[in-house]
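Contents: one structure, followed by commentary.
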Amino acid sequence: MSAHQYDHGHTAAGWVGTGIASVGAAVAGAGVCFVSGVLIVGGLGIGVVALLVTWALHLAGWGKGPGIRPREEWGWRVRDSGARAGHDECLGCRLAGRRRTAADSGRTAEVAVGVSVRGDVSLGGEPEAAAVGADSGR
């Protein structure tokens with residue numbers, strides 16, 4: 001049994017990006033303390049590098065898209081199987097030209113009273129029966 005029961009969202013891209021950004025924040029903070037414009041700009045530059053490295057790792061499959069991942073992909077050392085096609089509603093994937101719509105992913109789910117739900121609708125990787133007009137306060 002897993003130590004955690006839900007997807008924390010920890011990924012290699014997230015850990016690496018956070019580490020680099022922390023170094024950038026420390027350098028920029030030292031620049032503020034020492035009144036050094038060079039250190040401040042250097043720290044901000046390291047922050048931009050952290051953003052680009054995190055984005056590149058996300059596109060390589062070491063990040064995660066918005067939403068809940070399948071349980072098999074919860075570990076932070078597991079590559080994202082859907083990264084090459086792009087993630088639904090993911091700004092990073094759209095900026096890279098990887099656009100995927102709900103029709104491309106095989107899922108269609110609209111939450112409204114009187115609207116039908118087609119395709120596999122799942123919560124946490126477990127298929128569930130979709131009831132129209134059911135309580136949406138989960």
Side-chain angles (χ1 to χ4, degrees):
M1 183 168 173
S2 175
H4 56 274
Q5 298 302 314
Y6 57 92
D7 183 13
H8 289 283
H10 300 300
T11 63
W15 283 106
V16 170
T18 300
I20 296 171
S22 297
V23 170
V27 170
V32 169
C33 291
F34 296 125
V35 191
S36 170
V38 173
L39 285 178
I40 293 172
V41 170
L44 294 175
I46 293 171
V48 170
V49 168
L51 178 73
L52 294 175
V53 167
T54 304
W55 185 32
L57 286 172
H58 170 77
L59 294 176
W62 291 108
K64 89 178 221 39
I68 300 172
R69 293 183 288 183
R71 190 169 180 84
E72 305 82 45
E73 295 180 6
W74 281 7
W76 69 276
R77 291 182 222 136
V78 178
R79 287 185 81 165
D80 182 10
S81 61
R84 289 211 182 268
H87 298 107
D88 297 337
E89 301 177 14
C90 178
L91 176 63
C93 290
R94 283 193 311 242
L95 289 174
R98 296 180 182 179
R99 294 179 184 245
R100 185 170 73 171
T101 62
D104 295 339
S105 67
R107 295 184 187 184
T108 302
E110 297 178 24
V111 180
V113 177
V115 175
S116 63
V117 178
R118 294 177 301 262
D120 343 340
V121 177
S122 62
L123 226 161
E126 301 286 330
E128 292 188 8
V132 176
D135 180 25
S136 62
R138 305 196 217 190

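Since the structure is predicted, the reported quantities are computational estimates derived from the model, not experimental observations. For reference, positions follow the sequence shown, starting with 1.
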Contact list for residues 26-53, test ring-ring contact (aromatic ring centres under 6.0 Å, His included), sequence neighbours left out: none

Please tabulate, for the side chains in residues 48-56, all donor-acceptor contacts under 3.5 angstrom to protein atoms that are two or more places apart in sequence or on a different chain.
residue : atom : partner : partner atom : Å
T54     : OG1  : A50     : O            : 2.7
W55     : NE1  : G92     : O            : 3.0

Contacts of A60 that satisfy side-chain contact (heavy atoms from CB on, under 4.5 Å) - sequence neighbours left out: W62, R79

Residues that, via side-chain heavy atoms closer than 4.5 angstrom, fall in one hydrophobic cluster with V41: none

Heavy-atom closest pair, residues A96 and L59: CB-CD1, 3.6 Å

Exercise: identify the closest heavy-atom pair between I20 and I46: O-CG2, 3.5 Å

Taking every non-hydrogen atom, the tightest pair across H58 and A13: N-CB, 4.0 Å

Shortest non-hydrogen contact from G86 toward C93: CA-SG, 3.8 Å

